[in-house]
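Quick notes on the structure that follows.
Since this is a predicted model, take the numbers as computed values, not measurements.
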Amino acid sequence: SSHHGSSFFSTVVGERTFPVVLMASSGDTVEATLTKFAAAFKSDEKSADLAKQTEHVLAKLGDADSRDDGVAALIQLQDQLHVARRTGRYTKEANVVESITGRMRSDKSFGLKDQVPTIMAEQSDEFKEMLKQMQQADLAARPYEVLNEADNEEITVNIKVPAATAMKDVTVKLSATKIRVEVKGHEMQPCIIDGTFFKPVDTSGCDHHLEGSGEKRVLVLDLLKQTNGMKWPDLLAYGA
C-alpha cells in the first residue's frame, strides 16, 4: 500500500488542489521552510541548539551524497523538537518537521526543493498509521534517547527502564571507545546497548544514575566527549 501513500501526496501537489495547499501555507519548499525555522530558532537565545541542528540538516540535505546523514540529522532535529513540544514550545515546527522526516524516509526522491507535505491533521489515516509504526520501530531499534550538541562536550543518554529498577540492577561497562549497558528486568537482554562509541569518550568524565519513577524511570548516562565541536548523529558508530 506504499504506492497509495505516494499517489496521495502527488494529488495534494497536483495543480487542482494547489491553491488549497498554498492557502494552508504549506506551499513552501522544504528548504524555504527549514530556513525560516532556523531563523526563528536563532532569534530565541534558548533555541541556539535547534538553529544549529536545522542548519546542519540543510547543509547535509543540500548535497545528494550526504542525504542519509541529512535524514539522520533530521530525525535528531525531530527528537529535539519533540522535547520542546512537550513543554508547549514550537508545536507547529515540531509537526512540520515530523511530516518532512516521515516523507524523507518513505520516499528516497523527496528533497529540499519539494513542497512540504501537508500537516498531520490533513493527512490520511493510513499515512498517520505508517508514521506511527516508523516511530515505534525507531524506539524499538534505539531504546535510548541521545541529547547532545556540537559545542557541548557532554552527552546525555536517557534509557527507559522498568519502574522497579535500582542501581544494583544496572551494569555499565565502558572504555574510551566501547560501551555495554545491562539492566536486570529490562525487556532487552542480555544487554540494552553493546557497541563502539561514535567517537571516543573521556572515561573520567562519564557517570550514570537513575531518575524518575514508574513509567518515567530512566537510566541516565552522562558521557564526556574527548573532542568537542561535532554533534554525534547517534551514540554508536554506524554498523557497530
Side-chain angles (χ1 to χ4, degrees), residues 1-3 5-6 8-10 13 28-38 41 49-83 93-117 120 123 127 130-152 155-158 177-179 192-201 223 225 227-240:
S1 69
S2 61
H3 172 71
S6 55
F8 165 73
F9 280 108
S10 57
V13 187
D28 276 343
T29 61
V30 171
E31 188 166 28
T33 303
L34 289 177
T35 304
K36 222 185 304 184
F37 287 176
F41 297 147
D49 298 341
L50 288 170
K52 206 174 281 181
Q53 185 65 9
T54 307
E55 286 170 347
H56 176 62
V57 168
L58 282 162
K60 290 290 182 193
L61 290 177
D63 178 355
D65 292 338
S66 58
R67 185 183 191 276
D68 288 353
D69 292 346
V71 174
L74 193 58
I75 292 167
Q76 273 197 300
L77 177 63
Q78 175 182 275
D79 290 348
Q80 288 172 306
L81 281 167
H82 282 170
V83 174
E93 287 81 355
N95 294 343
V96 172
V97 168
E98 196 168 69
S99 72
I100 293 171
T101 307
R103 182 70 197 278
M104 285 255 171
R105 297 177 70 181
S106 59
D107 178 354
K108 291 276 181 265
S109 64
F110 186 75
L112 286 179
K113 302 290 179 233
D114 290 293
Q115 286 196 331
V116 172
M120 281 316 229
Q123 276 166 359
F127 184 76
M130 183 180 91
L131 216 55
K132 202 168 119 195
Q133 282 170 356
M134 273 159 97
Q135 283 161 349
Q136 283 166 344
D138 253 15
L139 277 172
R142 204 173 54 170
Y144 55 86
E145 171 188 41
V146 181
L147 305 175
N148 137 245
E149 302 312 327
D151 50 8
N152 191 348
I155 293 184
T156 305
V157 181
N158 296 325
T177 55
K178 288 194 175 353
I179 180 165
I192 304 174
I193 298 174
D194 188 11
T196 304
F197 282 123
F198 178 72
K199 288 267 189 288
V201 299
L223 307 171
K225 299 183 211 170
T227 24
N228 219 350
M230 178 183 183
K231 185 180 169 75
W232 291 17
D234 197 356
L235 175 68
L236 304 177
Y238 289 120

Can you list the steps and then say if V97 with T33 is a side-chain contact (heavy atoms from CB on, under 4.5 Å)? CA-CA 9 Å; V97 168; T33 303; over 6 Å; no
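- Heavy-atom minimum distance, L236 versus I179: CD2-CG2, 3.8 Å.
- With hydrogens and angles disregarded, no donor-acceptor distance shorter than 3.5 Å links the side chain of E98 to the backbone of Q78.
- A donor-acceptor pair is defined here as one N or O able to donate and one able to accept, closer than 3.5 Å; such a pair exists between the side chain of Q76 and the backbone of W232.
- When every heavy atom of T54 is checked against every heavy atom of A38, the shortest pair comes out as CG2-CB, 3.9 Å.
- Comment: D28 engages K36 in a salt bridge, judged by a side-chain N to carboxylate O separation of less than 4.0 angstrom.
- Side-chain atoms of K52 and H56, non-hydrogen and from C-beta on, never get closer than 4.5 Å to each other.
- Taking every heavy atom of both residues into account, V83 and E145 meet most closely at CG2-OE2, 3.6 Å.
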Apply side-chain contact (heavy atoms from CB on, under 4.5 Å) to the pair T29 and L112, showing each step before the final yes or no. CA-CA 6 Å; T29 61; L112 286 179; over 6 Å; no
For a side-chain contact (heavy atoms from CB on, under 4.5 Å) check, start with the C-alpha distance between F37 and L50, then their side-chain angles and the critical distance, and finish with the verdict. CA-CA 9 Å; F37 287 176; L50 288 170; over 6 Å; no
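- Side-chain N or O atoms of R67 include none that pairs as donor or acceptor with a backbone N or O of G111 at under 3.5 Å.
- G70 and K60 make their closest contact through CA-CB, 3.4 Å (heavy atoms, listed as atom of the first residue, atom of the second, distance).
- Rounding to the nearest 0.5 Å gives a distance of 11.5 Å between CG of D68 and CE of M104.
- Rounded to the nearest 0.5 angstrom, L61 CG and L34 CG are separated by 7.5 Å.
- In this structure, the side chains of F41 and Q53 stay at 4.5 Å or more apart for every pair of heavy atoms.
- Between the OG1 atom of T177 and the NZ atom of K199 there is a distance of 12.5 Å, given to the nearest 0.5 Å.
- Between A59 and S66, the shortest heavy-atom distance links the atoms O-OG, 4.5 Å.
- Summarising the geometry, atom CG belonging to L74 is positioned 9.5 Å from atom CZ belonging to R105; distances are rounded to the nearest 0.5 Å.
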Does the pair L235 and L223 meet the rule for a side-chain contact (heavy atoms from CB on, under 4.5 Å), with working shown? CA-CA 10 Å; L235 175 68; L223 307 171; 3.6 Å; yes
